[in-house]
Amino acid sequence: MATASRPDSIDTTAEAETLGACPSCGTRIPTYCHLISYRQRGWPTMFAECDDCGAVVHPR
Ligand SMILES: [Zn+2]
């Protein structure tokens with residue numbers, strides 16, 4: 001997903017890369033909060049630590 005390089009003309013502050021929203025507080029979880037991802041029954045599953053409430057969640 002993150003293999004495409006972006007031209008410098010795009011404002012990178014406008015839309016940060018996120019994994020999804022925290023199911024607990026709804027905060028967008030940035031990619032640097034990603035902990036681990038794996039496949040469970042063929043479905044990709046990931047864990048990330050919420051930057052706001054500190055919970056380890058499944059971003060969605
Ligand atoms: Zn949260």
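Order of appearance sets the numbers: ligands from 1, and atoms from 1 within every ligand. Bear in mind the structure is a predicted one, so any value in this text is a computation, not a measurement.
- Side-chain atoms of Ile29 and Thr18, non-hydrogen and from C-beta on, never get closer than 4.5 Å to each other.
- Here OG1 of Thr45 is found 4.5 Å from CD of Gln40. Values are rounded to the nearest 0.5 Å.
- Note that CZ of Arg60 and SG of Cys22 are 8.5 Å apart. Values are rounded to the nearest 0.5 Å.
- Within a radius of less than 2.8 Å around the Zn ion (ligand 1), the protein N, O or S atoms are Cys22 SG, Cys25 SG, Cys50 SG, Cys53 SG.
- Shortest non-hydrogen contact noted between Leu19 and Pro30 is CD1-O, 3.7 Å.
- Of all the heavy atoms in Cys33 and Asp51, the pair that sits closest is SG-CB, 3.9 Å.
- Interatomic distance, OG of Ser24 versus NE2 of His58, reported as 10.5 Å (0.5 Å rounding).
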